[in-house]
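Remember, it's a predicted structure, so these values are computed and weren't measured experimentally. Every chain is numbered from 1 and lettered A, B, ... according to where its sequence line falls, protein lines coming before strand lines.
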Amino acid sequence: MSGENRKGVENAQVDPAEKDDGASSNFITHIVEEDLKTGKYDGRVVTRFPPEPNGYLHIGHAKSICLNFGIAKQYQGTCHLRFDDTNPLKESVEYVESIKEDVRWLGFDWEDHLYYTSDYFEMLYQSAIQLIEKGKAYVDSLTPDQIREYRGTLNEPGKESPYRNRSVAENLGLFEKMANGELGEESCVLRAKIDMASPNIVMRDPTLYRIRRKDHHRTGSKWCVYPMYDFAHCLSDSIEKITHSICTIEFVNNRELYDWILDALAVYHPQQIEFARLNLNYTILSKRRLIQLVEEGHVNGWDDPRMPTISGLKRRGYTPAAIRKFCDVIGVARRDSTVDISLLEHCLREDLNVSAPRVMAVLNPLKLVIENYPEDASEMLDAVNNPEDASMGKREIPFSRVIYVEQDDFMENPPKKFFRLAPGREVRLRYAYFIRCHDVIKDEEGNVVELRCTYDPQTRGGNSPPDGRKVKATLHWVSEKHAINAEVRLYDHLFNVENPLQSGDFRQHLNPASLVVLTNCRLEPGLLHASPGAHFQFERLGYFFSDPVDSLPQKPVFNRVTTLRDTWAKIKKAQGATGG
RNA sequence: UGGGGCGUCGUCAAGCGGUAAGACACAGGACUUUGGUUCCUGCAUUCGGAGGUUCGAAUCCUCCCGCCCCAGCCA
């Protein structure tokens, strides 16, 4: 991890950019404030972020993390990080570690409130026994298929299991056998005795415990029986004295069961509040499908810079502050919504515009010879590191007779509104000189391979000449003999349609141009020593990030995080659209 | 077709009976040694629809329409 990232962690939650925009306000903060006013929880505010360690966190989880930690902070409360590790079949320490790292990287601190549902297994087991003793739970010996049949459908009520009225003693004995590993995996389950005719299917005698002969990543082989989400979650919240149990909207139906279990056991009762999960266009935020992309090799792992995972965004070059800002600005509500990815990009630019040093890099080099510049001469020119922040100082960049400019910055037959270089036209080389193009050299196939220009010595530094001549464009450039070579990876949206799930197999909408690798880029020499995990603005091109994994000493690799706003691209597109 | 949730600008989202915030996007313009940044300006006579209550309705009532979630021994 880079020094920059560590700094991000230290500055967590005191980011000045976020401090002045005040506390957030949404329907959940309204509830919290009302509860504070009425003294519902004695003025306490305790939230929790409860991930299941069965995959990597994505930007949707970031919304939940920012919400839960944010509310705790806003009301001087605490936020717990709790791993909801009740299913050993899907969970692993790899995921636990990645989640901790991602939450920390985002800038949040759970202090000493790190919990695992598995730490409560004994208490949960005792609670289950209590439920049995109260006659509110029973061991059902129906097969999985039978349980499904007995559950009924959306329109028809279910019917009661023949095992539903076993005696408390028999249930107690059976449940103990389940826990002792004396029974086979699908031979029976513990179920709550509620109402098989409930219009809410969640309430039709939900399963509380199932047998799993599988080692758990934290409790090893201690348990043969594992609690289901509905049973474990509400009780874990209760044990931790959570006040506001914030979850996503698909759990609305489960709230009735959440309340039922807590009431049945007569224990401390937090309130569950649901909000709509985040959707982003041009990507997918489904854990299951993200796993698929990784396992089928459509991307290079969980931290592929195209992935909407926290680790992917981090590797791409997104900053914690940008993600936090995004989560703040999208708001919290209960309605389904899909946020435009341009908002995420906007938050990133807002952050990097003020913090990223500017630098010149030519991605697709075109050789340019300044014929009236002395053959073997070179000179150093002053350049500011960040026009937004004078304290970032200046640097010197070398100039000489042969330079490289961007291929896109020259057109032999320029269309209207193309301000850049063309035969006979004069432009400014940033921080250097005005140059005018005189000749174009092509290869046998007619490709432009070299430009012959002259420069005006009176424009040194890029300043306008005494005659007041103006120029319509300023180009970035790099001196041929001083430039370093580097690989630059251009990233774009993972999918080429707004909603990849709308039609057909989502994989058929993968954007083939989501990654374009450029290996012949020429960068200003100072970039040779760019430390991995550092941000730059390549002037006129975008924000770039030295890849923290693939960069080698003296051989940096850059990821394009996002482009700059590109007015010319829009004009070009509009001209193309009208056939111009 | 049972139950639940939700419909306010292209996209998010305020609004909580007193006459439609803000952000992104988009479109103009100013400035500019980044076609960047910044700065102005414009962008919902209308809140899914239709009725009703009221001096007054996005907000209350009624009906209708649409979208989403639930039938795992997943979370």
Side-chain angles (χ1 to χ4, degrees), chain A residues 25-26 30 50-52 54 84 86-87 89-90 140 142-144 147-149 151-158 185-191 197-204 206-212 226 228-230 232-233 247-256 274 276 278 281 287-288 328-347 349-350 353-354 358 360 383-384 386-388 417-420 428-432 434 459 461-464 471-476 498 537-542 563-572:
Chain A
S25 168
N26 54 58
H30 295 339
E52 182 190 13
N54 69 341
D84 209 348
T86 58
N87 186 355
L89 262 33
K90 296 185 173 177
D140 193 355
L142 251 26
T143 65
I147 287 182
R148 195 181 322 117
E149 284 168 33
R151 188 153 30 226
T153 69
L154 295 179
N155 302 312
E156 315 149 38
E185 278 209 341
E186 292 187 339
S187 64
C188 56
V189 290
L190 182 72
R191 290 231 253 170
S198 173
N200 180 0
I201 293 173
V202 171
M203 299 300 277
R204 317 239 263 230
T207 302
L208 266 22
Y209 265 93
R210 75 289 216 191
I211 300 168
R212 283 282 173 276
Y226 293 93
M228 297 287 287
Y229 164 84
D230 286 305
H233 202 87
C247 63
T248 45
I249 209 89
E250 67 270 24
F251 289 101
V252 171
N253 293 332
N254 300 249
R255 189 173 66 226
E256 192 179 353
E274 311 85 13
L278 172 68
N281 56 12
K287 236 189 220 184
R288 203 192 92 224
D328 182 52
V329 90
I330 55 176
V332 181
R334 286 172 73 86
R335 71 180 82 107
D336 288 339
S337 62
T338 302
V339 176
D340 196 316
I341 193 141
S342 67
L343 186 52
L344 213 209
E345 293 164 352
H346 164 79
C347 293
R349 292 189 187 110
E350 189 177 63
N353 178 47
V354 298
R358 264 119 254 223
M360 290 204 283
V384 310
N386 189 342
E388 303 293 322
K417 291 190 179 171
F418 180 86
F419 302 150
R420 283 106 99 141
R428 168 170 31 235
L429 292 178
R430 177 143 236 225
Y431 300 127
F434 280 22
T459 57
N463 296 310
S464 293
V471 106
K472 290 190 89 171
T474 298
L475 311 189
H476 60 278
E498 286 204 29
Q537 183 196 103
F538 287 3
E539 292 218 30
R540 305 210 302 136
L541 297 173
T563 60
L564 253 26
R565 270 187 70 229
D566 190 347
T567 306
W568 167 238
K570 275 181 208 165
I571 294 169
K572 206 163 52 172

Searching all strands shown, indicate the nucleotide that pairs with [N] (Watson-Crick or G-U wobble; both distances under 3.5 Å).
N: C43(B); answer: none
N: U62(B); answer: A50(B)
N: C16(B); answer: none
N: G35(B); answer: none
N: A71(B); answer: none

**Report entry** Tyr229(A) aromatic ring stacked with six-membered ring of A75(B), 5.5 Å and 30°
**Finding:** no
Check every strand shown and say whether [X] touches a base, only sugar-phosphate, or nothing at a heavy-atom separation below 4.0 Å.
X: Gln537(A); value: base
X: Thr338(A); value: sugar-phosphate
X: Tyr226(A); value: nothing
X: Ser464(A); value: nothing
X: His233(A); value: nothing
X: Leu541(A); value: nothing
X: Leu208(A); value: nothing

Report task. Could you check if a side-chain atom of Arg210(A) sits within less than 4.5 angstrom of a side-chain atom of Leu190(A), using non-hydrogen atoms only? Result -> no
Requested in this report: Carefully, step by step, assess Ile330(A) and Leu343(A) under the rule side chain to side chain contact (heavy atoms under 4.5 Å, CB included).
Outcome: CA-CA 8 Å; Ile330(A) 55 176; Leu343(A) 186 52; 3.9 Å; yes
Report task. Assess whether one donor atom and one acceptor atom, taken from the side chain of Glu388(A) and the base of U38(B), lie less than 3.5 Å apart. Result -> no
Given [options], which nucleotide is nearest the side-chain atoms of [X]?
X: Arg430(A); options: U34(B), G35(B), U37(B); answer: U34(B)
X: Asn155(A); options: G5(B), A75(B), G2(B); answer: G2(B)
X: Arg335(A); options: A14(B), U34(B), G72(B); answer: A14(B)
X: Val252(A); options: C74(B), G4(B), A13(B); answer: G4(B)
X: His30(A); options: G15(B), C73(B), A71(B); answer: G15(B)

Query - Under the side chain to side chain donor-acceptor pair (under 3.5 Å) test, residues paired with Arg334(A) that sit two or more places apart - result: Glu274(A)
Report task. Select from Asp336(A) and Arg148(A) the residue whose nearest nucleotide in RNA chain B is closer to the 5' end of that strand. Result -> Asp336(A)
Query raised in the report: Hey, which of these two, Asn463(A) or Asn200(A), hits RNA chain B nearer its 5' end, going by closest nucleotide?
Result: Asn200(A)
Under 3.5 Å between N/O atoms: give me all the protein pairs with nucleotides 24-26 of chain B, atom names plus distance.
{"residue": "C24(B)", "atom": "O2'", "partner": "Ser342(A)", "partner atom": "OG", "Å": "3.1"}
{"residue": "C26(B)", "atom": "OP1", "partner": "Lys570(A)", "partner atom": "NZ", "Å": "3.2"}
{"residue": "C26(B)", "atom": "OP2", "partner": "Lys570(A)", "partner atom": "NZ", "Å": "3.4"}

**Report entry** Smallest separation among heavy atoms of Asp336(A) and Ala276(A), with atom names
**Finding:** N-CB, 4.5 Å
Requested in this report: Report the residues that fulfil salt bridge (charged side-chain N to carboxylate O under 4.0 Å, His left out) with Arg430(A), sequence neighbours left out, ordered by chain and then residue number.
Outcome: Glu539(A)
